[in-house]
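Proteins come first, then strands; the chains are lettered A, B, ... in the order of their sequence lines, and each starts at number 1.
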Amino acid sequence: MKFSEMLIPTLREVPSDAEVISHQLMLRSGMIRKLAAGIYSYLPLGLRVIQKVEKIIREEMNAAGAQEVLLPIVMPKELWIESKRWEVYGKELLRFKDRHEREFCFGPTHEEAITDLVRNEVRSYRQLPQSLYQIQTKFRDEIRPRFGLMRGREFIMKDCYSFERDEDAAIKTYWRMYEAYRKIFTRCGLTFVPVQAGTGEIGGTLSHEFHVLAKSGEDEVFVTEAGDLGYSVDKVPADKKDPKTGSPLKSYRGIEVGQVFHLGTKYSEAFHAVYLDPEGKEKLIVMGCYGIGVGRTAAAAIEQNHDDKGILWPLAIAPFPVTVIPLGGPETPMFQAAAEITDALQKAGVEVLLDDRPDTAGVKLNDADLLGIPWRVVVGKKGIEKGEVEVKERKGGAVTPVARASVVEQVLAKVRPA
RNA sequence: CGGGGCGUAGCUCAGCCUGGUAGAGCACCUGGUUUGGGACCAGGGGGUCGUAGGUUCAAAUCCUAUCGCCCCGACCA
């Protein structure tokens with residue numbers, strides 16, 4: 001891809017309405033733009049990151065045995081009356097009427113829709129278990145949207161719902177999803193901690209939140225010495241000590257990027273979602289639900305991976321793994337070499353951003369720092385005269401001169417580790 | 001919803017107190033010179049000062065209302 005042909009409107013200055021670093025950097029790097037409070041457009045670079053995160057989520061959810069579906073965003077009032085949440089949910093539930101004065105809401109979550117689907121389609125124990133997930137736009141009319149993608153009103157969420165024959169099977173699935181979540185956030189390059197949490201409005205009995213630890217986090221979490229488990233404010237032991245080791249728990253700020261719930265039969269009771277067991281007896285389906293904030297995961301990655309010059313994307317979710325920067329105009333040997341290197345990498349299946357803009361070296365290098373693409377190939381005049389180009393990792397900073405002839409091979413080794 | 005703040009060019013902001021022909025830097029367009037860390041010269045385009053009403057000879061500036069946005073608090077992926 002050529003920088004000059006993509007819509008990447010980078011900003012030199014920090015927009016005045018952005019407070020947290022991820023919001024600032026997403027705006028400055030041309031990933032997102034705000035349309036209204038808590039409502040954002042994703043530009044090409046931002047969408048690329050979102051899609052990388054989604055790809056990881058899909059792979060791990062599929063590996064955990066879940067199937068992808070897509071439910072409606074708009075749902076009728078009646079469904080929400082059945083679960084009693086039309087009254088309970090409050091003003092975050094955005095409600096409206098259609099031309100026939102029938103009442104609807106925008107989905108803030110989809111237990112109702114999925115349970116309705118499953119109760120209509122599942123009759124027999126032979127059809128269970130089922131785990132169904134979707135990646136979809138949600139709308140929650142938050143009292144105070146803030147921090148860019150971190151707390152939008154409209155946001156992309158992966159939500160998964162599991163349906164099991166009994167409690168034991170549901171608990172097993174719960175832990176399988178828990179492990180899938182660990183893999184997802186690990187693959188996204190995040191440092192995170194699973195946190196024992198209360199179940200809040202969605203209801204249920206067992207729950208973990210996955211928190212990315214960052215100073216800007218909205219939640220306080222209490223983490224064990226080993227850092228392998230935490231407790232939310234409403235679940236932390238009174239003495240604030242690790243129940244296993246007795247050592248004190250440390251307080252951190254966390255960004256909740258995912259949560260897993262064991263729901264039990266709350267929704268299957270409300271919706272009479274039942275199946276017939278081998279004896280022909282009617283039984284309630286046992287449910288779980290599992291959410292990941294996709295945009296928030298991307299924002300959290302920035303909160304955790306940035307420096308004073310810009311983003312330091314983890315390789316797995318970077319908009320591009322590598323950028324090639326010729327320091328010279330279109331007629332120069334630098335530009336020629338850069339184009340050839342780009343071409344060779346692309347033929348090898350690597351996504352490359354070629355900075356073909358006519359701007360000065362300073363502009364290109366500063367923008368490259370801002371965008372945070374993990375690997376950078378700089379083709380400079382002195383280097384090219386010696387038959388060399390430079391390979392630099394955004395995070396490390398060390399510049400490695402590499403022979404022109406072997407640069408493709410070397411970049412490939414960095415960008416797709418076996 | 002309670003408390004605080006802000007709406008002036010694409011972005012960052014000055015001007016408002018003390019009313020008198022709308023500004024700067026960056027960005028953008030044209031031509032030229034430039035290319036290792038946000039270049040230079042010359043020319044140029046762009047704003048009914050959030051909106052509506054009021055006061056006044058005269059309003060970005062004073063008054064009233066309204067809308068939007070940001071921050072702090074209660075709610076949440």
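- Using C1' as the reference atom, B:G50 and B:G45 are 24 Å apart when rounded to the nearest Å.
- Side-chain atoms of A:Phe261 lie closest to B:A77 of the nucleotides B:C71, B:C13, B:A77.
- Among the heavy atoms of the strands, none lies under 4.0 Å from A:Val294.
- Residue contacts shown for A:Asp17 are limited to sugar-phosphate atoms, with no base heavy atom under 4.0 Å away.
- Across the C1' atoms, B:G10 and B:U18 are found 33 Å apart, a figure rounded to whole Å.
- In this entry B:G36 has no Watson-Crick or G-U wobble partner, no candidate having both defining distances under 3.5 Å.
- Here A:Leu327 lies in heavy-atom contact (under 4.0 Å) with a base.
- Figure legend. B:A14 is base-paired to no nucleotide; pairs are counted as Watson-Crick or G-U wobble with both atom distances under 3.5 Å.
- Here the side chain of A:Glu19 pairs no donor or acceptor atom with the backbone of A:Phe147 at under 3.5 angstrom.
- Of the nucleotides present, B:G20 is the one that pairs with B:C57 by Watson-Crick or G-U wobble criteria, both distances under 3.5 Å.
- Put simply, CD on A:Glu218 is 10 Å from P on B:A74, counting in whole angstrom units.
- Heavy atoms of A:Gly362 sit under 4.0 angstrom from primed sugar atoms or phosphate atoms, though from no base atom.
- Ring geometry for A:Trp80 versus A:Tyr89: interplanar angle over 60°, hence perpendicular rather than tilted (30 to 60°).
- To the nearest angstrom, P of B:C40 lies 14 Å from CG of A:Asp359.
- Comment: A:Glu60 does not engage A:Lys158 in a salt bridge, judged by the lack of any side-chain N to carboxylate O separation of less than 4.0 angstrom.
- Minimum atom distance to the side chain of A:Arg28 is reached by B:G38, of the listed B:G38, B:A77, B:C70.
- Using a 4.0 Å cut-off between a side-chain N of Lys or Arg and a carboxylate O of Asp or Glu, A:Lys172 and A:Asp168 do not qualify as a salt bridge.
- Within 3.5 Å, a donor on the side chain of A:Glu390 pairs with an acceptor on the base of B:G36, or the reverse.
- Residue A:Lys138 places none of its side-chain N or O atoms closer than 4.0 Å to OP1 or OP2 of B:C76.
- Here A:Thr360 reaches the OP1 or OP2 of B:A39: one of its side-chain N or O atoms lies under 4.0 Å away.
- The residue among A:Asp367 and A:Pro145 whose nearest nucleotide of RNA chain B is located toward the 5' end is A:Asp367.
- Within the 4.0 Å cut-off from OP1 or OP2 of B:C75, not a single side-chain nitrogen or oxygen of A:Arg144 is found.
- Here the separation of B:C28 from B:C11, taken at their C1' atoms, is 12 Å to the nearest Å.
- Side-chain rings of A:Tyr178 and A:His262 stay apart, their centers remaining 6.0 Å or farther from each other.
- Among the nucleotides B:G38, B:U12, B:G36, the one closest to any side-chain atom of A:Ser16 is B:U12.
- With distances taken from any side-chain atom of A:Arg376 to the nucleotides B:C13, B:G37, B:C75, the minimum falls on B:G37.
- Distance check on atom P: B:A60 versus B:U48 gives 13 Å, rounded to whole Å.
- Within 3.5 Å, no donor on the side chain of A:Arg12 pairs with an acceptor on the base of B:C26, nor the reverse.
- As judged by a 4.0 angstrom heavy-atom cut-off over every strand, A:Lys158 is placed among residues making no nucleic acid contact.
- The base of B:G38 has none of its N or O atoms less than 3.5 Å from a complementary donor or acceptor on the side chain of A:Glu13.
- With salt bridges taken as basic N to acidic carboxylate O contacts below 4.0 Å, one links A:Glu82 and A:Arg119.
- For A:Lys309, taking side-chain heavy atoms from C-beta onward, the closest of the listed nucleotides B:C71, B:C76, B:G37 is B:G37.
- Using a cut-off of 4.0 Å between Lys/Arg side-chain N and Asp/Glu carboxylate O, A:Glu179 and A:Lys183 are scored as not salt-bridged.
- Among the atoms of the strands shown, none is found under 4.0 Å from any heavy atom of A:Asp141.
- The listed nucleotides are B:C70, B:A39, B:U12; the one nearest the side chain of A:Ala37 is B:C70.
- Between A:Met157 and A:Ala18, the residue anchored nearer the 5' end of RNA chain B, judged by the nucleotide with its closest heavy atom, is A:Ala18.
- Annotation: B:C49 and B:C6 have their C1' atoms spaced 14 Å apart (nearest Å).
- At the heavy-atom level, A:Ile292 lies nowhere under 4.0 Å from the strands shown.
- A:Lys414 has no carboxylate O lying under 4.0 Å from a charged side-chain N of A:Glu393, or vice versa, which leaves the two without a salt bridge.
- The CD-C1' distance, from A:Glu142 to B:G73, rounds to 14 Å in whole Å.
- B:G47 and B:C71: their C1' atoms are spaced 28 Å apart (whole Å).
- No engagement by A:Gly38 is indicated, since no non-hydrogen atom pair under 4.0 Å with the nucleic acid exists.
- With both pairing distances under 3.5 Å, B:G68 is matched to B:C6 as a Watson-Crick or G-U wobble pair.
- Phosphate proximity of B:C72 to A:Arg146: present, with a side-chain N or O under 4.0 Å from OP1 or OP2.
- In this structure, A:Gly258 reaches the sugar-phosphate backbone alone: every heavy-atom distance under 4.0 Å involves primed, P, OP1 or OP2 atoms, never a base.
- Among the heavy atoms of the strands, none lies under 4.0 Å from A:Pro108.
- The residues A:Asp355 and A:Arg376 are annotated as not salt-bridged, no charged nitrogen and carboxylate oxygen being separated by less than 4.0 angstrom.
- Base pairing of B:G73: its partner is B:C1, meeting the Watson-Crick or G-U wobble criterion (both donor-acceptor distances under 3.5 Å).
- Pair assignment for B:C28: B:G44, on the basis of Watson-Crick or G-U wobble contacts that are both within less than 3.5 Å.
- Among the atoms of the strands shown, only primed sugar atoms or phosphate atoms (P, OP1, OP2) are found under 4.0 Å from some heavy atom of A:Val257.
- Note: CZ (A:Phe147) to C1' (B:G73) measures 12 Å, nearest angstrom.
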